[in-house]
Peer 1: 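Could you have a look at this structure, given as structure tokens, before my questions?
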Amino acid sequence: MLKDRLKRERYKDPNPVFDLLCNDLKHLNSGSNKVLIPDADLGELALSSMKFRYGVKEEYALLEKDFEKSNNLENQGFEVVGTDFLTFATHIEFDIILLDPPVEKSEDYLLKAFELAQKQVDKSCYISALIRADIIQNPSTALQAALENNETEITFHKNVKPESKEEVALVRVSVTKATDNVHKIYDRLLATKGFEPAQTALERGLSTIVSDRDLEERFKRYPLSY
């Protein structure tokens with residue numbers, strides 16, 4: 001086991017894109033994880049990430065628009081769960097989302113990854129994305145909020161993609177599951193009413209996905225009292 005772990009930790013992919021996206025996966029908890037990869041092409045990124053984390057194909061959910069490539073992925077033993085990432089909807093929850101999006105859709109893909117991750121009830125999600133640097137340097141309001149509200153690490157890199165010399169940003173984000181966020185919202189609203197944060201399972205009974213507005217309405221309908 002130690003020999004396998006050391007081998008994994010020393011692995012370096014010859015493709016700099018894959019190496020950047022995946023080299024932090026070796027530090028994640030091993031075991032059964034569900035991994036989502038959009039625009040999977042012929043599965044190269046999935047295969048690379050498996051070497052970093054010693055994963056198996058059954059853990060992967062891939063999306064691919066091209067019919068022949070999709071068939072190729074299934075013939076390799078991967079599960080193809082859809083085609084277009086930006087319209088993708090699912091009840092599957094993912095531990096990891098790996099993104100190497102089309103350059104012109106960098107922000108759209110990253111925001112979509114946030115959307116999927118923030119809806120998850122049972123699992124927190126780790127996003128690793130390689131996108132245009134200017135998207136991060138001058139983020140939209142929505143992207144800036146998503147980055148600031150989650151545990152985010154950003155590094156900038158040059159000469160990563162052979163077809164482009166543009167600087168890229170490696171964005172690594174840990175998104176907590178929605179139920180954790182509900183507890184934070186609930187505690188924040190308690191504080192605005194002058195109450196201490198909830199401490200018991202009963203007090204934390206709001207364990208479903210509800211919005212700030214929903215919680216505000218509940219306080220109005222059922223005011224707390226000493």
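The first residue in the sequence is number 1, and the count goes up from there.
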Peer 1: Looking only at heavy atoms, which two atoms of K177 and V121 are closest? And how far apart?
Peer 2: CD-O, 3.1 Å
Peer 1: Are L147 and I136 close enough, and set up right, to give a side-chain contact (heavy atoms from CB on, under 4.5 Å), and what steps lead you there?
Peer 2: CA-CA 9 Å; L147 295 171; I136 297 299; 3.9 Å; yes
Peer 1: Is there a continuous path of hydrophobic side-chain contacts, each under 4.5 Å between heavy atoms, that joins F18 to V103?
Peer 2: no
Peer 1: Give a yes or no on whether a salt bridge exists between K34 and D95, defined as a side-chain N under 4.0 angstrom from a carboxylate O.
Peer 2: no
Peer 1: With the side chain counted from C-beta on, respond yes when N15 and S48 share a heavy-atom pair under 4.5 Å apart, and no when they do not.
Peer 2: no
Peer 1: Identify the heavy atoms of V160 and P16 that sit nearest to each other, and give their distance.
Peer 2: O-CG, 3.2 Å
Peer 1: Are C125 and I97 close enough that some pair of their side-chain heavy atoms sits under 4.5 Å apart?
Peer 2: yes
Peer 1: For E68, is there any backbone N or O sitting under 3.5 Å from a side-chain donor or acceptor partner on D66?
Peer 2: yes
Peer 1: With side chain to side chain donor-acceptor pair (under 3.5 Å) as the test, would you mind laying out the steps for Y126 and N33 before giving the verdict?
Peer 2: CA-CA 11 Å; Y126 177 85; N33 289 311; over 6 Å; no
Peer 1: Supply the atom-to-atom distance L45 CG to S128 OG, rounded to the nearest 0.5 angstrom.
Peer 2: 8.5 Å
Peer 1: Using modelled atom types only, decide if a donor and an acceptor are shared between the side chain of Q120 and the backbone of D122 within a distance under 3.5 Å.
Peer 2: no
Peer 1: Could you list the residues that satisfy side-chain contact (heavy atoms from CB on, under 4.5 Å) with Q76, not counting sequence neighbours?
Peer 2: L47, K57, N72, L73, F78
Peer 1: Taking all non-hydrogen atoms of both residues into account, name the closest pair between L20 and H157 and its distance.
Peer 2: CD2-CE1, 3.6 Å
Peer 1: Testing the basics here: between R132 and D134, what is the closest heavy-atom pair and its distance to 0.1 Å?
Peer 2: NH2-OD2, 2.6 Å
Peer 1: Going hydrophobic residue to hydrophobic residue with side-chain gaps under 4.5 angstrom, can you get from L36 over to L86?
Peer 2: yes
Peer 1: Would you say that more than 12 heavy atoms from the other residues, nucleotides or ligands in this model lie under 6.0 Å from the CD of E115, or not?
Peer 2: yes
Peer 1: Answer yes when K69 and E74 have at least one side-chain N-carboxylate O distance shorter than 4.0 Å, and no when they do not.
Peer 2: no
Peer 1: Any side-chain heavy-atom pair from I127 and F114 closer than 4.5 angstrom?
Peer 2: yes
Peer 1: What about I154 and V173, same hydrophobic cluster or not, with Ile/Leu/Val/Met/Phe/Trp/Tyr joined at side-chain heavy-atom distances under 4.5 Å?
Peer 2: yes
Peer 1: Side chain to side chain donor-acceptor pair (under 3.5 Å), that's the test. Do E107 and S140 meet it? Break it down for me.
Peer 2: CA-CA 9 Å; E107 181 173 359; S140 65; 2.3 Å; yes
Peer 1: How many angstroms lie between CD in Q144 and CG in N149, if you round to the nearest 0.5 Å?
Peer 2: 10.0 Å
Peer 1: Measure the shortest side-chain to side-chain distance between S49 and L21 over non-hydrogen atoms and say whether it is less than 4.5 angstrom.
Peer 2: no
Peer 1: Drop me the distance from Q118's CD to N150's CG, to the nearest 0.5 angstrom.
Peer 2: 5.5 Å
Peer 1: Under 4.5 Å between side-chain heavy atoms, counting indirect links through other Ile/Leu/Val/Met/Phe/Trp/Tyr residues: same cluster for F156 and L99 or not?
Peer 2: yes
Peer 1: Just wondering, do V17 and L130 contact through their side chains at under 4.5 Å, heavy atoms?
Peer 2: yes
Peer 1: For the CG atom of D100 and the NZ atom of K161, what is their distance to the nearest 0.5 Å?
Peer 2: 4.0 Å
Peer 1: Would you compute the distance between atom CG of L116 and atom CZ of F94 and round it to the nearest 0.5 angstrom?
Peer 2: 7.0 Å
Peer 1: CG of L143 to CG of L111: how many Å apart, nearest 0.5 Å?
Peer 2: 5.0 Å
Peer 1: What's the shortest heavy-atom distance between K112 and F88, and which atoms?
Peer 2: NZ-O, 2.8 Å
Peer 1: Verify side-chain contact (heavy atoms from CB on, under 4.5 Å) between L63 and I37, making sure each step is shown before the conclusion.
Peer 2: CA-CA 6 Å; L63 294 110; I37 302 180; over 6 Å; no
